[in-house]
Amino acid sequence: MLRQRSFVLQIICVMIATSTMFFGARGYAANLTDSLTKGTPELKSIGALAFAPEGILLIGDSKGAAVIALATGDTESRSPKGELKLDAINEKIASMLGTSKDQILINDMKVNPLSGNLYLSVSRGKGEDASPVLCKMDREGKLTEVSLKEVAFAKVMLPASNTKVQRSKEIESITALGFVDNQVIVAGLSNEEFSSRLRVIPFPFKTSDKGASIEIFHGAHGRLETNSPIRTFIPYTIGGESNVLASYTCTPLVTFPVKKLKEGEKLRGTTVAELGNGNRPLDMITYQKEGKQYLLMANSSRGIMKVDLTGIEKIDPITKQIRGTAGLKYDTIKELVGIVQLDKLDDGRAVVLQNKSGTLNVMTIPLP
Amino acid sequence: MLIFNTALLNTILNNRIRNLASYFCIYIFFWLIGSLSAFQKSPENNKKIAPTKIRLELGSFPLANIDQSAPAILTLSSHDLQSLLHPTKTVKPNLNKGTNSSISESNENRKNGSETGLRSTLIIKDLPKSMFQKLALAQSKKPQNEMKLIRLVVGAKTEEDSLLQPNILGDWQIQQEKIGFRPRFPWQPGLRYGLILDKDLLSTSAPQIIYWQIPASASKPSTRISSVYPTRNKLPENQLKFYIYFSAPMSRGEAYEHIHLKNEKGETIERAFLTLEEELWDQQQMRFTLLIDPGRIKQGLKPREDLGPVLEKGKRYVLEIDHHWRDGQGNKLSKSFRKSFEAIEADNNPPEPLDWKIIPPKTARDKLIITFPKPMDYTLIQRLELIDEQNKRLEGEIEITNEETAWNFKPRFPWQIGNYQLRIDKAIEDLAGNRIRRKFEIDITDSPLQNSGQAKDQNLPILLPIRIQWVKSK
């Protein structure tokens with residue numbers, strides 16, 4: 001009898017614990033989505049994309065000087081083992097949009113880590129009146145337009161610059177977005193000033209909080225430094241601390257800790273690799289394989305580069321002029337050329353967009 | 001308006017035996033398919049196609065059936081083709097205008113010309129009743145953006161590929177024996193569209209495709225490069241930026257293919273520019289910002305070590321912009337552009353506002369002029385502002401002259417005697433990217449990085465006092 005009672009008690013305890021975990025987790029998880037409100041975000045353009053938790057998609061609108069957080073509601077994976085594969089995706093998207101492939105631009109491509117579906121930011125048209133379109137591709141290769149009508153979203157406007165003068169001609173191109181420690185990091189590039197435009201905006205967005213603007217300097221070999229724009233970046237943990245692994249427009253790869261990204265902070269990235277001429281990174285992902293950390297990088301002119309991140313936390317910043325490869329060691333995977341977009345699909349695979357003579361193919365590749 | 005001859009049943013429907021129509025419909029349909037297949041094999045028989053028609057209408061556009069090898073059931077007779085290309089009468093659909101649910105041309109279209117007309121609803125009418133009923137039945141439970149039995153696609157190279165194309169986004173409506181398709185995006189003149197009739201609709205073994213298009217009107221290239229800054233023909237070897245101004249909006253995505261930097265021998269200097277997928281345009285896409293690769297300007301970086309600097313003192317260069325660059329309408333530029341210049345010594349001196357010369361106005365309607373000892377960045381120098389004693393920004397016209405060495409300000413209202421201030425944004429740069437009182441490349445042995453938390457204050461604008469008073473009043 002006593003045993004039976006203790007057994008029942010055990011079951012009750014397990015049930016309570018499970019439900020607490022479930023609802024607790026749900027309560028936490030629902031926080032970010034709950035902060036979004038229903039409406040129709042008006043995009044002037046669509047560029048950089050990044051996923052935040054809960055299937056929330058961050059969208060960079062350079063012309064509108066805004067970042068939009070959109071609840072995709074796409075949070076379940078239907079076929080986790082399936083590949084993302086579609087040949088001539090640019091032709092198919094063009095057809096869907098009632099136009100030809102030379103009249104669209106695929107600006108960015110990101111995998112929703114919860115569902116494994118692929119999201120693409122597309123401009124329909126190339127003139128100043130181009131229409132921004134958000135597309136989704138599933139594991140069966142089915143393409144759909146993600147409607148922005150009556151969706152849960154939040155928007156934050158980026159201040160064009162420090163002063164109040166209206167500058168109709170200044171645009172800050174949002175070149176990369178990221179989500180780390182409940183903050184949205186925005187890398188921007190001005191069409192007027194040559195300077196770092198890195199912003200850190202707390203999420204959920206608050207109208208009063210436009211985020212901190214941080215000056216990131218690039219120190220070349222210990223002596224000279226410039227207030228250089230960051231081209232692309234990814235959040236990365238070094239020694240248990242959130243960091244940003246970033247690439248300047250002038251190619252060096254640097255790291256800096258996220259906790260230092262505060263208003264008024266003047267920050268110099270630690271150069272961990274100099275990739276040299278023609279290696280301008282387009283997209284980067286990090287992954288673990290056989291106990292080692294790697295960085296995979298699609299770049300503008302060579303094959304995909306695989307960088308061994310072992311010892312990144314201990315690396316001495318490159319302070320001397322070095323000929324040849326400097327800092328972290330890397331291999332170039334020559335078979336993977338023409339990669340214009342790259343994102344991680346899961347622990348063992350990546351998704352790439354490969355340009356073959358103007359035809360763009362989506363492929364799934366094993367992480368090398 | 002486009003009229004397609006089809007071999008179907010309207011004549012029968014006009015007779016009194018409507019109750020038998022559906023039976024006849026199926027029978028005659030199969031019969032006609034058979035006959036028309038035979039017609040297709042012998043082109044001279046094309047004229048004998050039965051008089052029943054499906055009409056496609058798209059606003060006031062003359063649509064063209066562009067595929068002569070289209071299935072016989074939908075091939076145009078030469079008579080119809082003539083009426084199509086030179087329409088003598090327009091068949092107006094019976095429209096319930098003014099309601100959201102009716103199939104009608106958009107208000108935009110009726111108000112304006114062809115530009116908005118490209119958003120017109122495509123109307124398919126005169127469909128045989130049996131087909132229409134099939135469609136209506138299949139559609140009854142479908143949302144607006146899906147249509148069974150009829151699809152609209154962009155035509156591919158082969159018929160097989162066309163059938164695999166995704167549907168064009170848009171909304172379908174069925175009403176009063178008409179089917180309407182309102183595209184999500186404008187129709188594109190010159191693009192081949194395919195209307196696919198499902199085999200279940202036609203009761204055939206294979207679907208049929210009607211290819212059609214809005215003929216593209218030839219337009220002349222008229223967009224040109226209106227100016228390129230800096231305008232001077234002697235530029236420092238660490239020159240950072242060029243601004244290219246166009247007379248009309250341009251298209252994105254191909255900029256770097258058309259810009260070339262050539263040396264004295266006419267050889268192209270490879271990797272001279274920073275190529276950015278985003279392309280740095282202004283809102284109207286009429287100004288393009290071109291950056292010389294900073295990796296080849298900054299000291300000690302690998303690109304510079306490997307390839308050397310882009311510009312070298314004492315050498316001559318030509319910035320060439322070819323006319324193949326397409327404008328927002330898809331037309332090439334009316335002509336190419338060349339800017340010849342000589343590289344001079346690098347400029348590593350940050351601009352110092354105290355070195356600027358202020359020439360106050362002599363009369364209440366005169367200009368205030370500020371001259372600089374060297375050319376400044378054309379765009380950024382326009383950020384100079386004058387503020388009055390109430391700390392308000394003065395409205396007026398700014399003009400940059402004398403090879404970007406003079407800032408001219410003509411106020412909207414006459415000058416008032418008093419104290420003003422020149423507000424100088426520290427982001428203002430010279431040609432080499434040196435900012436106000438800060439070099440492009442800072443030697444950190446001169447200014448160590450110890451100013452954590454103060455960077456914001458350091459970016460506050462500089463204020464220079466200016467006194468306006470009239471000399472002649474003395």
Side-chain angles (χ1 to χ4, degrees), chain A residues 47 62-63 92 94-100 103 105 123-124 126-131 143 145 161-163 165 167-171 173 175 189 191-195 215 217 219-221 223-226 228 249-252 263-266 268 274-278 280 282 300 321 323 326, chain B residues 153-154 165-169 183 185 187-188 191 240-241 249 251-253 271 274-278 280-285 287 289 291 294-295 298-303 305-307 328-329 379-380 383 385 393 425 427 429 433 440-445 449 451-456 459 461:
Chain A
S62 299
K63 274 194 171 181
K92 294 190 170 76
S95 301
M96 196 169 87
L97 306 180
T99 188
S100 45
Q103 284 304 311
L105 290 168
S123 303
R124 196 249 187 214
K126 291 180 169 178
E128 88 289 7
D129 54 352
S131 305
L143 275 170
E145 184 198 13
S161 93
N162 295 328
T163 58
V165 189
R167 289 172 196 137
S168 65
K169 286 188 178 295
E170 191 186 16
I171 289 189
S173 287
T175 56
L189 195 58
N191 64 345
E192 296 189 349
E193 297 169 33
F194 183 80
S195 63
E215 289 198 310
F217 281 75
H221 315 311
R223 188 148 178 258
L224 297 167
E225 64 174 19
T226 37
S228 292
T249 49
C250 48
T251 75
E263 182 68 56
E265 194 83 24
K266 187 178 164 186
R268 189 187 301 141
E274 256 216 57
L275 305 165
N277 186 53
R280 188 166 41 80
L282 299 173
S300 54
Q321 210 159 298
R323 289 199 179 271
Chain B
V153 299
V154 170
Q165 290 279 67
N167 295 342
I168 295 174
L169 295 176
F185 298 101
W187 303 106
Q188 187 175 314
L191 188 67
L240 183 62
K241 262 176 273 169
S251 75
R252 264 181 68 202
R271 293 177 183 163
L274 179 66
T275 53
L276 297 160
E277 286 63 35
E278 293 81 11
L280 301 176
W281 288 100
D282 68 346
Q283 292 277 0
Q284 292 77 33
Q285 285 182 208
R287 186 190 78 192
T289 308
L291 283 161
K298 292 165 74 170
Q299 304 285 330
L301 285 182
K302 266 185 75 62
E305 293 304 311
D306 294 348
L307 297 171
Q329 302 298 313
T379 291
L380 292 170
R383 293 190 185 181
E385 292 174 320
R393 189 170 68 90
D425 183 349
E429 297 171 9
F440 178 66
E441 287 186 286
I442 309 159
D443 191 330
I444 52 174
T445 49
L449 192 70
N451 45 10
S452 178
Q454 295 169 13
K456 198 184 172 191
N459 285 331

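Side chains included, hydrogens not; waters and symmetry mates left out as well; all remaining heavy atoms used.
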Contact part of A:Leu189 toward chain B, heavy-atom cut-off under 4.5 Å: side chain, backbone, both or neither?
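A:Leu189 touches chain B through backbone and side-chain heavy atoms alike.
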Under 4.5 Å heavy-atom distance to chain B, tell me which part of A:Ser173 shows up: side chain, backbone, both or neither.
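Contact with chain B involves the side chain of A:Ser173 alone.
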A:Ser62: side-chain hydrogen bond (donor to acceptor under 3.5 Å, both in side chains) partners, not counting sequence neighbours
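A:Ser62 satisfies side-chain hydrogen bond (donor to acceptor under 3.5 Å, both in side chains) with no residue once adjacent residues are dropped.
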Nearest 0.5 Å, please: how far is CE in A:Met96 from CD1 in B:Ile168?
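One gets 11.0 Å once the value is rounded to the nearest 0.5 Å.
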Could you give the distance from CG (B:Leu169) to CG (A:Leu143), rounded to the nearest 0.5 Å?
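If we round to the nearest 0.5 Å, B:Leu169:CG and A:Leu143:CG are 10.0 Å apart.
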Single hit among A:Glu192, A:Glu193, A:Glu170 for side chain to side chain contact (heavy atoms under 4.5 Å, CB included) with B:Thr379:
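That would be A:Glu192; it is the only one of A:Glu192, A:Glu193, A:Glu170 passing the side chain to side chain contact (heavy atoms under 4.5 Å, CB included) with B:Thr379.
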Let me see the working for B:Val154 and A:Thr99 under side-chain contact (heavy atoms from CB on, under 4.5 Å), right down to the final yes or no.
CA-CA 7 Å; B:Val154 170; A:Thr99 188; over 6 Å; no
Residues two or more places apart in sequence or in another chain: which of them pass side chain to side chain contact (heavy atoms under 4.5 Å, CB included) with B:Gln285?
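By the side chain to side chain contact (heavy atoms under 4.5 Å, CB included) rule, B:Gln285 matches A:Lys63, A:Glu128, B:Arg252, B:Trp281.
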Any side-chain heavy atom of A:Leu105 sitting closer than 4.5 Å to one from B:Glu277?
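Result no, sub-4.5 Å side-chain heavy-atom pair not found.
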Let's test your reading of the structure: which of A:Arg124, A:Lys92, A:Gln103 forms the most heavy-atom pairs below 4.5 Å with chain B?
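Looking at each of A:Arg124, A:Lys92, A:Gln103 in turn, A:Arg124 comes out on top.
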Report the option among A:Ala94, A:Ser131, A:Gly127, A:Ala130 that has the most heavy-atom pairs separated by less than 4.5 Å from atoms of chain B.
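When all of A:Ala94, A:Ser131, A:Gly127, A:Ala130 are compared, A:Gly127 has the most.
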Is B:Glu429 in contact with chain A via its backbone, its side chain, both, or neither, using a 4.5 Å heavy-atom distance?
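Only the side chain of B:Glu429 comes within 4.5 Å of chain A.
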Residue B:Leu380 versus chain A: region with a heavy atom under 4.5 Å:
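Side chain of B:Leu380 only, per the 4.5 Å heavy-atom cut-off to chain A.
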Between B:Gln165 and A:Ser95, does any side-chain donor sit less than 3.5 Å from a side-chain acceptor?
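Short answer, yes.
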